[in-house]
Amino acid sequence: MAKEPKRPEDLSIWEDAHAMIRKAKAEGIETAWDRLERQTPHCKFCELGTTCRNCIMGPCRISTKPDSKMNLGVCGADADVVVARNFGRFIAGGSAGHSDHGRDLIEVLDAIVQGDTEHYHISEPEKLTRIAAEVGIATEGRELNEIASDLVDECYKDFGSRRSSLAFLSRVPEQRRVLWDRVGITPRGVDREIAEMMHRTHMGCDNDAPNTLLHSARCALSDGWGGSMIGTELSDVIFGTPTPSRSVSNLGVIKEDKVNILVHGHNPVVSEMILAAARIPELVEKAKAAGAAGINVAGLCCTGNELLMRQGIPMAGNHLMTELAIVTGAVESVVVDYQCIMPSMVTVAQCYHTRFITTAEKAKFTGAMHFEVHPHNALEQATAIVEESIKAYTERDKGRVEIPAEPVEIMTGFSNEAILSALGGTLTPLIDAIKAGKIRGIVGIVGCNNPKVKQDSANVGLAKELLKRDILVLVTGCVTTAAGKAGLLVPEGIEMAGEGLKEVCGALGIPPVLHLGSCVDNSRIMHLCGLVAKELGVDISDLPVGASSPEWYSEKAAAIGMYAVASGVMTHLGLPPNILGSETVTNIALEGLEDIVGAHFVVEGDYVKAAELLDARIRMKRVGLGLSE
Ligand code: NFS
């Protein structure tokens with residue numbers, strides 16, 4: 001009997017998604033859910049992580065059945081080696097993504113220092129000077145440009161091979177650094193760890209699964225405390241440190257009477273310029289002359305988070321809303337840089353008047369319009385993109401427009417600086433609230449959507465479960481939009497929190513779920529953990545904290561999970577990585593890492609059970625610190 005097609009209500013918890021899935025179906029447009037259905041069931045070997053394509057003696061499939069004739073690849077690699085190699089490369093891919101994004105920020109700061117751009121500026125001299133001092137650069141009595149030039153050098157050095165540890169490891173508690181040294185996973189250089197992972201996983205190199213896994217931890221640490229951290233800090237220096245502000249979210253932020261430009265991808269370098277161009281009075285006039293009421297820039301995914309955090313720009317949606325946003329029929333252009341952009345969006349855009357515009361030399365899409373953006377030409381290119389979007393508006397088919405929701409209010413902008421300032425300049429009130437059990441612990445819920453999970457059911461469900469238990473929730477990446485749409489990112493959200501959390505957040509006038517930014521901004525959470533641990537004189541692994549990625553899909557999310565665990569934070573994943581074909585690798589991830597780095601992964605698809613696991617961990621850590629459960 002043929003399988004019943006899934007109803008939109010089974011695919012997502014959101015009404016704006018249901019409406020657009022129905023519209024897509026009616027208009028013959030396919031989405032990730034349709035393609036997932038056709039791809040299911042997936043290859044079992046790939047799911048278990050036991051396929052190897054690293055050489056052409058193969059490709060090999062390693063059977064996990066004890067009596068099989070296929071227990072070894074042609075080279076002799078067993079399931080443990082193959083799974084560890086695949087996982088290692090997976091982590092290296094994720095670390096490379098975030099870290100190369102970080103490098104792009106160094107290049108922009110470099111261009112500012114060299115006078116090669118008129119479009120970008122140092123907007124936070126105070127922060128630049130502060131972080132320069134933090135990484136050991138002399139700042140007293142020096143010109144800002146000199147300090148910035150030295151900071152550029154320090155950051156570039158973090159990507160190379162000449163260091164024995166990264167500059168920002170000064171933010172890591174001493175105990176943790178000693179542990180990393182002892183275990184041999186102190187990250188030395190971002191590119192070095194990534195390249196070494198590629199080397200180790202070539203045929204005939206690292207054939208000891210635990211050893212490969214340890215290097216995957218080092219590789220991920222070079223992202224979390226290196227590439228991502230540089231990305232976050234330099235973005236603040238160039239575009240401003242986020243401060244709390246209000247905005248709105250869901251597909252209702254797309255405006256029927258305006259030229260709608262959606263920025264999608266990750267790096268604020270492009271999206272900030274699009275926003276700047278969209279505010280140029282002559283361009284607004286042009287849009288009006290074309291019959292529109294103005295120009296509306298809204299975000300998708302992480303570049304949306306970047307603009308939301310710093311500029312209060314509305315957020316149209318997270319990962320699984322990206323195709324659906326175009327289906328509203330009211331999007332003039334989707335302007336992308338890189339990462340998490342489904343190639344299918346080119347096709348979806350072609351079904352409408354929508355321009356799909358790429359901007360990065362390293363992320364071209366066949367069939368897209370390409371306006372390459374560099375520091376020296378950024379505003380000109382952004383202007384051309386906005387003009388193209390205005391032209392597209394004149395081609396919009398008004399009969400096909402459907403905007404399915406009213407926007408929901410959200411509050412954003414909780415950088416660590418903003419959190420400290422909300423607390424009156426010191427961490428003491430937060431630590432006191434933790435000690436008193438009013439805030440029992442803190443969990444970062446981060447990451448994506450995955451069409452294998454009903455969209456945002458677990459992202460929102462887990463957050464609500466934790467709030468009830470007086471656990472403060474921090475969100476980044478695509479969980480932001482989920483929490484926002486569920487009403488958790490406004491101060492009124494405290495109604496869903498336990499008594500203690502309600503009291504603390506109520507007194508401070510902050511939401512019970514704080515938005516800390518994009519996925520590179522998970523480095524802010526790591527930094528915060530470092531600050532709290534140092535203040536208490538303990539290791540990060542002693543803190544009543546946890547991390548979770550309930551609906552993750554990407555290599556980057558795996559790298560984040562790995563650096564969280566390696567930094568001492570137990571991390572929940574809603575879906576397993578493709579490692580289950582190796583008992584050795586699976587056992588290390590789920591248990592063994594606890595003995596090595598003081599934290600481990602847990603995999604649990606049920607968000608209530610996941611909340612219980614995170615709660616139990618927090619209880620244990622509270623007792624360890626001599627606090628009430
Ligand atoms: Ni993170 Fe951001 Fe979203 Fe997942 Fe992708 S946008 S970097 S990987 S899907 S949270």
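Sequence positions, counted from 1, serve as the residue numbers for this chain.
Counting only heavy atoms from C-beta outward, the side chains of Pro511 and Phe414 approach each other to under 4.5 Å. The shortest distance between side-chain heavy atoms of Arg469 and Glu612 falls below 4.5 Å. Side chains of Asp236 and Pro242 form a contact here, defined as non-hydrogen atoms less than 4.5 Å apart. No side-chain heavy atom of Val335 sits less than 4.5 Å from a side-chain heavy atom of Phe371. Looking at Val373 and Met273, their side chains never come closer than 4.5 Å, going by heavy atoms from C-beta outward. Using a 4.5 Å cut-off on side-chain heavy atoms (C-beta onward), Val270 and Thr303 make no contact. Taking 4.5 Å as the limit, some side-chain heavy atom of Arg310 sits within range of a side-chain heavy atom of Pro268. Ile238 places a side-chain heavy atom less than 4.5 Å from the side chain of Val108.
Pairing each heavy atom of Val401 with each of Gly329, the nearest pair is CG2-O, 3.5 Å. Contact between Val460 and Trp14 at its shortest, heavy atoms only, is CG2-CZ2, 3.9 Å. Pairing each heavy atom of Leu614 with each of Ser548, the nearest pair is CD1-CB, 4.3 Å. For Val513 against Ala483, the heavy-atom pair with the smallest separation is CG1-CB, 4.2 Å.
The salt bridge (charged side-chain N to carboxylate O under 4.0 Å, His left out) check on Glu555 picks up nothing, with sequence neighbours excluded. In this structure, the salt bridge (charged side-chain N to carboxylate O under 4.0 Å, His left out) partners of Lys468, at least two apart in sequence or on a different chain, are Glu465. The ring-ring contact (aromatic ring centres under 6.0 Å, His included) search around His101 returns none, not counting sequence neighbours. For Tyr553, the ring-ring contact (aromatic ring centres under 6.0 Å, His included) partners two or more places apart in sequence, or in a different chain, are His319. Ser247 pairs by the side-chain contact (heavy atoms from CB on, under 4.5 Å) definition with Leu308, Pro314, Ile410, not counting sequence neighbours. Under the salt bridge (charged side-chain N to carboxylate O under 4.0 Å, His left out) criterion, Glu27 pairs with Lys23, Arg400, sequence neighbours left out. For Glu323, the salt bridge (charged side-chain N to carboxylate O under 4.0 Å, His left out) criterion is met by Arg35, not counting sequence neighbours.
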**OP:** List the steps, then state whether side-chain contact (heavy atoms from CB on, under 4.5 Å) holds for Ile341 with Thr322.
**Re:** CA-CA 8 Å; Ile341 302 147; Thr322 57; over 6 Å; no

Original post:
What do the steps show when you test Asp34 against Lys25 for salt bridge (Lys or Arg N to Asp or Glu O under 4.0 Å), and what is the final call?
Top reply: CA-CA 10 Å; Asp34 301 313; Lys25 206 141 249 142; 3.4 Å; yes

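The list of side-chain hydrogen bond (donor to acceptor under 3.5 Å, both in side chains) pairs with a residue in residues 254-265, not counting sequence neighbours, reads Asn260-Asn296. Sorted by first then second residue, the salt bridge (charged side-chain N to carboxylate O under 4.0 Å, His left out) pairs that include residues 268-286, not counting sequence neighbours, are Lys286-Glu387.
Asn318 and Asp456 form a side-chain donor-acceptor contact under 3.5 Å, judged by distance and modelled atom types alone. In this model, a donor atom of one side chain and an acceptor atom of the other lie less than 3.5 Å apart for Asn267 and Tyr338. The closest side-chain donor-acceptor pair between Ser228 and Ser523, if any, does not fall under 3.5 angstrom.
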Per-pair distances, 0.1 Å, donor-acceptor, side chain in residues 362-369, under 3.5 Å, sequence neighbours excluded:
from, atom 1, to, atom 2, distance (Å)
Lys362, NZ, Asp100, OD2, 2.9
Lys362, NZ, Asp104, OD1, 3.2
Lys362, NZ, Asp104, OD2, 3.2

Could you list the donor-acceptor pairs under 3.5 angstrom formed between side-chain atoms of residues 485-501 and any protein atom two or more places apart in sequence or on another chain?
from, atom 1, to, atom 2, distance (Å)
Lys485, NZ, Asp16, OD1, 3.2
Lys485, NZ, Asp16, OD2, 3.2
Glu495, OE1, Lys502, NZ, 3.4

Could you give the side-chain donor-acceptor pairs of residues 514-522 under 3.5 Å, partners two or more places apart or in another chain?
from, atom 1, to, atom 2, distance (Å)
His515, ND1, Thr412, OG1, 2.7
His515, NE2, Asn305, OD1, 3.0
His515, NE2, Thr480, OG1, 3.3
His515, NE2, Gly517, N, 3.3
His515, NE2, Gly517, O, 3.2
Ser518, OG, Glu306, OE2, 2.7
Ser518, OG, Asp521, OD2, 3.3
Asp521, OD1, Thr232, OG1, 2.8
Asp521, OD2, Ser518, N, 3.0
Asn522, OD1, Thr476, OG1, 2.7
Asn522, ND2, Cys519, O, 3.1

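Of the possible polar contacts, none joining the Gln455 side chain to the Asn449 backbone as a donor-acceptor pair under 3.5 Å is found. Using modelled atom types, no side-chain atom of Glu332 and backbone atom of Ile390 make a donor-acceptor pair closer than 3.5 Å.
Salt-bridge formation is not detected for the pair Lys556/Asp223: no Lys NZ or Arg NE/NH1/NH2 atom is positioned less than 4.0 Å from an Asp or Glu carboxylate oxygen.
If you take CG on Leu105 and CD on Glu233, they are separated by 10.5 Å, rounding to the nearest 0.5 Å.
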